[in-house]
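Written out below as structure tokens is the structure these notes cover.
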Amino acid sequence: IAGITQAPTSQILAAGRRMTLRCTQDMRHNAMYWYRQDLGLGLRLIHYSNTAGTTGKGEVPDGYSVSRANTDDFPLTLASAVPSQTSVYFCASSDGTSGREEQFFGPGTRLTVL
Amino acid sequence: AQSVTQPDIHITVSEGASLELRCNYSYGATPYLFWYVQSPGQGLQLLLKYFSGDTLVQGIKGFEAEFKRSQSSFNLRKPSVHWSDAAEYFCAAGSARQLTFGSGTQLTVLP
């Protein structure tokens, strides 16, 4: 059982380029999340999806978009990357949306925008 | 606005010593409370969680946390730290749809 996989592991990207970070879970969890982790700021929620076909904005959604075509996949797209989007990105999932559920995290994608 | 504060950016303890990591939250009502641990290069792993009831919560790896409503705190403790506990620790507070993380405390364990 893989849990949550993310790809790529790391990426260096030129500013202005488009980039999609991939996230796949095999736990059949309803809810999925994207966070960015920056030094001294902890994790901040970018976007979330409570179920396939629905998405919502988190704390820092600007410059990012997501889609949830099925239960397993939740890609995060940077339409035109900027240096301030340099960060470590974590995908997570949970079996429910009440807020009580444990969130399971992927290993992260380290993105550098030059 | 909802917030979670971890006042200690970095803590160093000797192996075998006791540990307490501080966490304070600001929420409209008592939120669900969590502690996660992140080892270098890894994702986050849940240590323990509190929803209601007994204010002392036991978690994995010998950790426990105590909820104190009067202090809006949820401090993490371990009586005897092991070298493998060196990691970054995150407190989080949540409700439906929204989990707010603190900025983290980096724990160094000296031999």
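Each chain gets a letter, A, B and so on, in the order the sequences are listed, and its residues count up from 1.
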query = More than 12 non-hydrogen atoms from neighbouring residues, nucleotides or ligands closer than 6.0 Å to CG on A:Leu41, yes or no?
reply = yes
remark   = Sorted by chain and number, sequence neighbours left out, ring-ring contact (aromatic ring centres under 6.0 Å, His included) with B:Tyr27 holds for none
Proximal component of B:Leu46, with respect to chain A [non-hydrogen, under 4.5 Å] = both
ask   = Which residues in residues 57-86 of chain B have any heavy atom lying under 4.5 Å from a heavy atom of chain A?
value = none
query = Applying the 4.5 Å side-chain criterion to the ILVMFWY set and letting contacts propagate, would A:Ile4 and A:Phe74 be lumped into a single cluster?
reply = no
key: Evaluation steps, side chain to side chain contact (heavy atoms under 4.5 Å, CB included), between A:Tyr33 and B:Leu99   = CA-CA 10 Å; A:Tyr33 314 85; B:Leu99 192 62; over 6 Å; no
key: Interatomic distance, A:Leu39 atom CG to B:Ile9 atom CD1 [nearest 0.5 angstrom]   = 8.5 Å
query = If Ile, Leu, Val, Met, Phe, Trp and Tyr residues are connected whenever their side-chain heavy atoms lie under 4.5 Å apart, and connections chain through other members, are A:Val88 and A:Leu76 in the same group?
reply = no
inquiry  = Are A:Leu45 and A:Tyr64 connected into the same hydrophobic cluster when the rule is that any two of I, L, V, M, F, W, Y join if their side-chain heavy atoms are below 4.5 Å apart?
reply    = no
query = Do you know which two heavy atoms are closest between B:Ser103 and A:Gly40, and how far apart they sit?
reply = CB-O, 3.3 Å
query = Under a single-linkage definition using a 4.5 Å side-chain heavy-atom cutoff for Ile, Leu, Val, Met, Phe, Trp and Tyr, are A:Ile46 and A:Met32 assigned to the same hydrophobic cluster?
reply = yes
query = Residue by residue, which of residues 33-44 of chain B have a heavy atom closer than 4.5 Å to a heavy atom belonging to chain A?
reply = B:Phe34, B:Tyr36, B:Gln38, B:Gly41, B:Gln42, B:Gly43, B:Leu44
query = Any chain of hydrophobic side-chain contacts (each under 4.5 Å) joining A:Val66 to A:Phe90?
reply = no
request  = Apply side chain to side chain contact (heavy atoms under 4.5 Å, CB included) to the pair B:Phe90 and A:Gln37, showing each step before the final yes or no.
outcome  = CA-CA 11 Å; B:Phe90 292 94; A:Gln37 182 180 29; 3.1 Å; yes
Contacts with chain B made by residues 102-110 of chain A (heavy-atom distance under 4.5 Å), listed by residue number = A:Glu102, A:Gln103, A:Phe105, A:Gly106, A:Pro107
inquiry  = Within a 6.0 Å radius of atom CD1 on A:Ile12, are there more than 12 heavy atoms belonging to other residues, nucleotides or ligands?
reply    = no
